[in-house]
Amino acid sequence: MQVATLGPSGTFSEQAALGLFAPAQGHQLQLHSHLQRCLLALPAQADVAVVPIENVSEGFVPVVLDYLVTADVHIAQEMSLPIAFSVCAHGDNIERLYVQFVARGQCRDYIDSLGDIEIVPTQSNTESLALATEYGQGAGAIIPSHLDQQLPASMHCLRTDVQDYSHNQTRFVVLKAGPTPRDAVGNKTSIMVINDDDRPGLLEKVLHCFSTRRLNLTSIVSRPTGQGFGRYHFFIDVAVEVENIAMQGALKGVSQIARVKVLGCY
Ligand SMILES: O=C(O)C(=O)C[C@]1(C(=O)O)C=C[C@@H](O)C=C1
């Protein structure tokens, strides 16, 4: 299987991908420089993409949710990883800090404690290390803790566990081309309610389809449609298998109110 994920080697995404698709079992990892490129690798270059979708403190990763609105893919699997960060630098002083755009929000307290320094957002935690190494004196990087022991000779670890929450975790999903298969099994169904025709009470009516059938929603997130203020798509997780009779009833009900896409059962 060709597996697209975020590179270069050393990212948390690579760890998640290796955990699910071991090279020893014949899988091949493709490491892409941007999250968007991992997503676009489907289906021509890769069979699956392993991407972060949600962090315990930062919430959902917008680029992944927005992609799910229109892309012809489904979520086939999920896994969570504990996420710990360290900070490394050339000397003891940091004037310029490289940090991945999602990691930045997870290490906010530490970054604020550095005062008025230059913050350079990057695409991946491994890219942060590479750019800080290249820049030289004055530069530091927020890096995954599993890279602490593999720093280049010019860099040293200044502090470990700089994430705001000790129980920090990120949830990764496996995306595959095509719609959710009919025989998909799991205890969670993800759907996207696509808001083509905004009107009063739309969300209330959608939620009613689940509450009257006593179906438990485990998350509901809105994403802007891009069509104007106040217009949102709704990304909903339901704690039940897609083939469940009540869930099928709810889906039928929702589809009479708005366009609905089943994103996966896993
Ligand atoms: O840069 C990495 O190491 C990644 O795998 C990306 C990513 C993300 O974008 O959420 C994955 C897990 C952590 O939450 C921080 C960064």
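Just follow the structure's listing: the first ligand is 1, and inside any ligand the first atom is 1. In this text the structure is predicted, and so the values were computed from the model without any measurement.
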**Q106 to ligand 1, any heavy atom closer than 4.0 Å** =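 Yes; Q106 lies near enough to ligand 1 that a heavy-atom distance drops under 4.0 Å.
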Please find the pair of heavy atoms, one from [X] and one from [Y], that lie closest to each other, and give the distance.
{"X": "K176", "Y": "L42", "answer": "N-CD1, 4.4 Å"}
{"X": "A132", "Y": "G140", "answer": "CB-O, 3.6 Å"}
{"X": "F12", "Y": "L81", "answer": "O-CD1, 3.5 Å"}
{"X": "L68", "Y": "I53", "answer": "CD1-CD1, 4.2 Å"}

**Asked** Which of these, V102, V61, N125, T122, has its nearest heavy atom closest to atom 1 (O) of ligand 1?
**Response**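 Comparing heavy atoms across V102, V61, N125, T122, the nearest one to atom 1 (O) of ligand 1 lies in N125.
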Would one find an N or O of [X], backbone or side chain, under 3.5 Å from an N or O of ligand 1?
{"X": "Q123", "answer": "no"}
{"X": "Q100", "answer": "yes"}
{"X": "F12", "answer": "yes"}
{"X": "S13", "answer": "yes"}

**Message:** For the backbone of D164 and the side chain of D109, can you confirm whether one donor and one acceptor N or O come within less than 3.5 Å of each other?
**Reply:**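 Here the side-chain-to-backbone pair does not exist.
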**Request:** Please answer whether the main-chain N or O of Q45 pairs with a side-chain N or O of Q30 as donor and acceptor at a distance below 3.5 Å.
**Result:**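 Confirmed, Q30 side chain pairs with Q45 backbone.
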Could you tell me, atom by atom, which parts of ligand 1 come under 4.0 Å of a heavy atom of [X]?
{"X": "S124", "answer": "1 (O)"}
{"X": "P52", "answer": "8 (C), 9 (O), 10 (O)"}
{"X": "L6", "answer": "1 (O), 4 (C), 6 (C)"}

**atom 13 (C) of ligand 1: nearest protein contact (heavy atom, Å)** =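 Its nearest protein heavy-atom neighbour is T170 OG1, 3.6 Å.
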**Prompt:** So if you build clusters from Ile, Leu, Val, Met, Phe, Trp, Tyr with side-chain heavy-atom gaps below 4.5 Å, do I194 and V63 land together?
**Reply:**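 I194 clusters together with V63.
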